[in-house]
Enquirer: 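Quick one: the structure is below, and I'll ask about it shortly.
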Amino acid sequence: MKVLITGGTGYIGSHTVVELIDNKNDLIILDNLSNSSVDVLDGIKKITGKKPYFIKLDLTDTKATNDFFDNNTDIEAIIHFAAYKAVNESVENPLMYYKNNLISLMNILTNMNKHDIRNLVFSSSCTVYGQPDKNNLPVTENSPIKKANSPYGNTKQISEDIIIDTLSANKNLKAIFLRYFNPIGAHKSSFIGELPLGVPNNLVPFITQTAIGIRKQLNVFGGDYNTPDGTAIRDYINVVDLAKAHVIAINRLINNKNKSQYEIFNLGTGKGVSVLEAIKAFEKSTKVKLNYKIVDRRPGDIEQVWADTSYANSELGWKAETSLEDTMLSAWNWEKYIRNKK
Ligand code: UD1
């Protein structure tokens with residue numbers, strides 16, 4: 001029986017594929033390659049010695065998706081990564097986000113019902129918590145779900161609801177929601193990593209591109225937040241550590257070790273890090289000086305959020321292990337690797 005990885009050539013997906021292959025899971029990868037490249041499969045092969053079975057498919061194409069499931073009846077579990085994830089873009093083009101992220105999920109759930117595929121791990125996000133109240137930091141899985149601050153965030157909230165409703169109508173289905181904090185870094189081999197198209201929105205790709213000279217200056221968005229150094233705080237989690245949690249989650253479902261029909265886990269380090277601290281960690285581990293400047297806040301950004309990960313630690317036996325410095329170094333090695341390759 002196989003595990004289906006949607007979005008398996010993407011950033012978190014590709015790192016998870018490597019960990020699943022190492023764990024001897026048999027896989028199928030689906031991706032529409034809208035934000036990734038087939039070359040990622042070569043990177044996965046270099047690391048694991050195996051090129052995973054890949055099909056290019058757009059999950060919003062209902063007929064093609066149904067045909068895929070009709071022709072692949074040996075799937076027992078799905079990790080659903082495939083989604084758009086850029087906050088700004090979702091504000092500019094909300095329908096693109098609702099259409100892509102929700103229709104693909106509904107097509108998957110329809111086929112889980114039809115083909116009796118019982119196990120789903122869903123890529124959720126800390127964005128569902130919005131800006132938590134100060135007395136709710138760090139956030140636990142029971143912290144209030146606030147109104148989403150972007151259509152992207154809203155698709156994650158709605159997706160969780162769609163899954164919960166589907167599960168309540170079909171008691172055979174089980175799901176685990178993994179709420180990621182801020183995934184960063186790359187595989188230590190440098191054969192896979194994050195590959196943003198165009199100007200990066202996220203902090204770490206912007207840092208590495210500034211360090212290598214593609215960007216002139218890193219803008220630090222906001223120096224007047226109500227935080228110890230005035231810059232915003234996030235929980236930056238190493239992408240390989242994050243990937244390992246997916247292996248545990250999918251095997252937990254396959255082996256019926258889940259404690260309820262759906263379970264939610266925060267995946268972070270449990271430590272809040274400011275933008276300036278992230279910059280310092282990069283400079284310290286790479287010995288490269290960054291040209292940065294504190295500028296105005298970025299609209300829509302929240303001030304601070306970090307995870308209480310005790311539930312994932314105790315229940316999944318999972319813990320973030322890689323230090324921020326080592327993670328920054330992995331991101332830097334990856335940036336150098338891709339630029340030298342070109
Ligand atoms: C957001 C979402 C997250 C989503 C991610 C995907 C929240 C809490 N988080 O992460 O769910 O998966 O986008 O894009 O909604 N920064 C700079 N300069 C830069 C870039 C970023 O100072 O050039 C700062 C930001 O202001 C922020 C921090 O770095 O304080 C992290 O930003 P980023 O990497 O974009 O992630 P989030 O916005 O936290």
Side-chain angles (χ1 to χ4, degrees), residues 7 10-13 35 81 83-92 97 101 122-132 136-139 143 145-157 159-160 177-185 194-211 214-237 239 242 266-269 272-282 290-307 324 327-328 331:
Y11 175 43
I12 307 172
N35 193 24
F81 291 105
Y84 293 152
K85 59 165 188 177
V87 175
N88 285 348
E89 188 181 52
S90 80
V91 174
E92 281 156 22
Y97 271 67
N101 292 5
F122 176 68
S123 284
S124 191
S125 167
C126 69
T127 195
V128 300
Y129 300 115
Q131 172 60 73
N136 258 320
L137 280 168
V139 285
S143 294
I145 301 291
K146 297 265 192 84
K147 185 173 165 40
N149 53 2
S150 70
Y152 157 74
N154 207 15
T155 68
K156 291 295 176 191
Q157 292 187 356
S159 293
E160 289 194 0
F177 302 147
L178 299 178
R179 290 182 180 157
Y180 313 146
F181 283 67
N182 286 54
I184 62 164
E194 187 172 11
L195 202 52
L197 298 174
V199 183
N201 290 307
N202 296 117
L203 178 64
V204 172
F206 211 105
I207 287 179
T208 56
Q209 290 197 9
T210 307
I214 297 172
R215 314 278 155 212
K216 278 209 178 71
Q217 172 185 292
L218 168 72
N219 289 326
V220 174
F221 297 131
D224 58 352
Y225 283 110
N226 188 15
T227 60
D229 67 17
T231 62
I233 291 177
R234 299 286 185 275
D235 184 338
Y236 296 96
I237 165 84
V239 68
L242 187 72
N266 281 345
L267 297 182
T269 65
V273 169
S274 74
V275 178
L276 289 180
E277 286 171 332
I279 291 171
K280 280 196 195 99
F282 178 86
L290 271 176
N291 179 32
Y292 69 88
K293 189 177 167 207
I294 295 181
V295 300
D296 287 348
R297 294 179 182 193
R298 181 171 69 176
D301 266 349
I302 61 165
E303 183 173 273
Q304 45 188 323
V305 64
W306 70 95
L324 183 59
T327 304
M328 287 295 189

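Every number for a ligand or one of its atoms is a count from 1 in the order of the listing. Keep in mind the model is a prediction, meaning the values are calculated, not measured.
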Enquirer: Compare all side-chain heavy atoms of Leu324 with those of Ile184 and state whether any distance is below 4.5 angstrom.
Expert: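 Yes; the side chains approach each other to less than 4.5 Å.
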Enquirer: Heavy atoms only: which of Phe221, Tyr180, Tyr152, Phe206 is nearest to atom 4 (C) of ligand 1?
Expert: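 Ranked by closest heavy atom to atom 4 (C) of ligand 1, first place is Tyr152.
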Enquirer: Compute the minimum heavy-atom distance from Tyr292 to ligand 1 and say whether it is under 4.0 Å.
Expert: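 No, Tyr292 has no heavy atoms under 4.0 Å from ligand 1.
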Enquirer: Who's the nearest protein heavy-atom neighbour of atom 20 (C) of ligand 1, and how far?
Expert: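 Protein heavy atom with the smallest distance to atom 20 (C) of ligand 1: Asn201 O, 3.4 Å.
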Enquirer: Examine the proximity of ligand 1 to Leu218 and report which part, side chain or backbone, both or neither, has a heavy atom under 4.0 Å away.
Expert: side chain
Enquirer: Closest non-hydrogen protein atom to atom 15 (O) of ligand 1, residue and atom name please, with distance?
Expert: Thr127 OG1, 3.2 Å
Enquirer: Which atoms of ligand 1 have any heavy atom of Val275 under 4.0 Å away?
Expert: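 Under 4.0 Å from Val275, ligand 1 has these atoms: 22 (O), 24 (C), 29 (O), 30 (O).
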Enquirer: Name the closest protein heavy atom to atom 27 (C) of ligand 1, giving the residue it belongs to and the distance to 0.1 Å.
Expert: Arg234 NH2, 3.8 Å
Enquirer: Report, as yes or no, whether the 6.0 Å neighbourhood of atom CG on Asp224 holds more than 12 heavy atoms from other residues, nucleotides or ligands.
Expert: yes
Enquirer: Give the residue and atom name of whichever protein heavy atom lies nearest to atom 3 (C) of ligand 1, and the separation in Å to one decimal.
Expert: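 Answer for atom 3 (C) of ligand 1: Ser125 OG, 4.0 Å.
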Enquirer: Of the protein's non-hydrogen atoms, which lies at the shortest distance from atom 37 (P) of ligand 1, and what is that distance?
Expert: Asn182 ND2, 3.5 Å
Enquirer: Check each atom of ligand 1 against the heavy atoms of Val87 and keep those under 4.0 Å away; list them by number with element.
Expert: 1 (C), 13 (O)
Enquirer: What's the shortest heavy-atom distance between Leu276 and Tyr292, and which atoms?
Expert: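 Looking at all heavy atoms of both residues, the closest pair is CD2-CE1, 3.7 Å.
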Enquirer: Any chance you could lay out the side chain to side chain contact (heavy atoms under 4.5 Å, CB included) test for Val199 and Arg215, step after step, and finish with the verdict?
Expert: CA-CA 9 Å; Val199 183; Arg215 314 278 155 212; 3.6 Å; yes
Enquirer: Side chains of Ile207 and Leu290, heavy atoms from C-beta outward: is any pair under 4.5 Å?
Expert: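 Yes. Closest side-chain heavy atoms under 4.5 Å.
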Enquirer: Tell me the closest heavy-atom pair linking Thr231 and Gly223, and the distance in Å.
Expert: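 So the minimum-distance heavy-atom pair works out to CG2-CA, 4.3 Å.
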Enquirer: Within the structure, does Asn149 bring an N/O atom to less than 3.5 angstrom of an N/O atom in ligand 1?
Expert: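 No, since none of the N or O atoms of Asn149 sits under 3.5 Å from an N or O of ligand 1.
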Enquirer: Taking only heavy atoms of Val220 into account, list the atoms of ligand 1 that are under 4.0 Å away from them.
Expert: 22 (O)
Enquirer: Tell me: protein heavy atom nearest atom 25 (C) of ligand 1, and distance?
Expert: Asp301 OD2, 3.4 Å
Enquirer: Select the closest option to atom 18 (N) of ligand 1 among Ile279, Asn219, Leu203, judged by heavy-atom distance.
Expert: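 Going through Ile279, Asn219, Leu203 one by one, Asn219 has the nearest heavy atom to atom 18 (N) of ligand 1.
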Enquirer: Mind running side chain to side chain donor-acceptor pair (under 3.5 Å) on Thr269 and Tyr236 for me, showing each step along the way?
Expert: CA-CA 7 Å; Thr269 65; Tyr236 296 96; over 6 Å; no
Enquirer: For Ala232, counting its heavy atoms only, list the atoms of ligand 1 lying under 4.0 Å from any of them.
Expert: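 Near Ala232, the atoms of ligand 1 are 30 (O).
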Enquirer: Which heavy atom of the protein is the closest neighbour of atom 8 (C) of ligand 1, given with residue, atom name and distance?
Expert: Ile302 CD1, 3.6 Å
Enquirer: Using side chain to side chain contact (heavy atoms under 4.5 Å, CB included), reason through Glu92 and Tyr97 one step at a time and then give a plain yes or no.
Expert: CA-CA 10 Å; Glu92 281 156 22; Tyr97 271 67; over 6 Å; no
Enquirer: Could you list the atoms of ligand 1 found under 4.0 angstrom from a heavy atom of Tyr236?
Expert: 28 (C), 29 (O), 31 (C)
Enquirer: Atom 35 (O) of ligand 1: which protein heavy atom is closest, and how many Å away?
Expert: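 The protein heavy atom lying closest is Arg298 NH2, 2.8 Å.
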Enquirer: Using every non-hydrogen atom in the two residues, find where Ala331 and Val204 come nearest and quote the distance to one decimal.
Expert: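 Smallest heavy-atom distance, with atoms named: CB-CG1, 3.7 Å.
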Enquirer: What's the shortest heavy-atom distance between Gln157 and Ala148, and which atoms?
Expert: NE2-N, 3.6 Å
Enquirer: Which of the numbered atoms in ligand 1 are under 4.0 angstrom from any heavy atom belonging to Lys85?
Expert: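 With Lys85 as reference, the close atoms of ligand 1 come out as 6 (C), 14 (O).
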Enquirer: Taking the side chain as C-beta and beyond, is there a heavy-atom pair between Glu89 and Tyr152 under 4.5 Å?
Expert: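 Side chain of Glu89 against side chain of Tyr152, heavy atoms only: no contact under 4.5 Å found.
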Enquirer: Could you pull out, from Asn202, Val295, Thr210, the option with a heavy atom nearest to atom 33 (P) of ligand 1?
Expert: Asn202
Enquirer: Which heavy atom of Ser124 sits nearest to which heavy atom of Glu160, and what is that distance?
Expert: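 For Ser124 and Glu160, the tightest heavy-atom pair comes out as OG-OE2, 2.5 Å.
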Enquirer: Yes or no: does Phe181 have any heavy atom under 4.0 Å from an atom of ligand 1?
Expert: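 Phe181: no contact with ligand 1 (<4.0 Å).
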Enquirer: Kindly determine whether Tyr129 and Asn266 satisfy side chain to side chain donor-acceptor pair (under 3.5 Å), including the steps that lead there.
Expert: CA-CA 11 Å; Tyr129 300 115; Asn266 281 345; 2.7 Å; yes
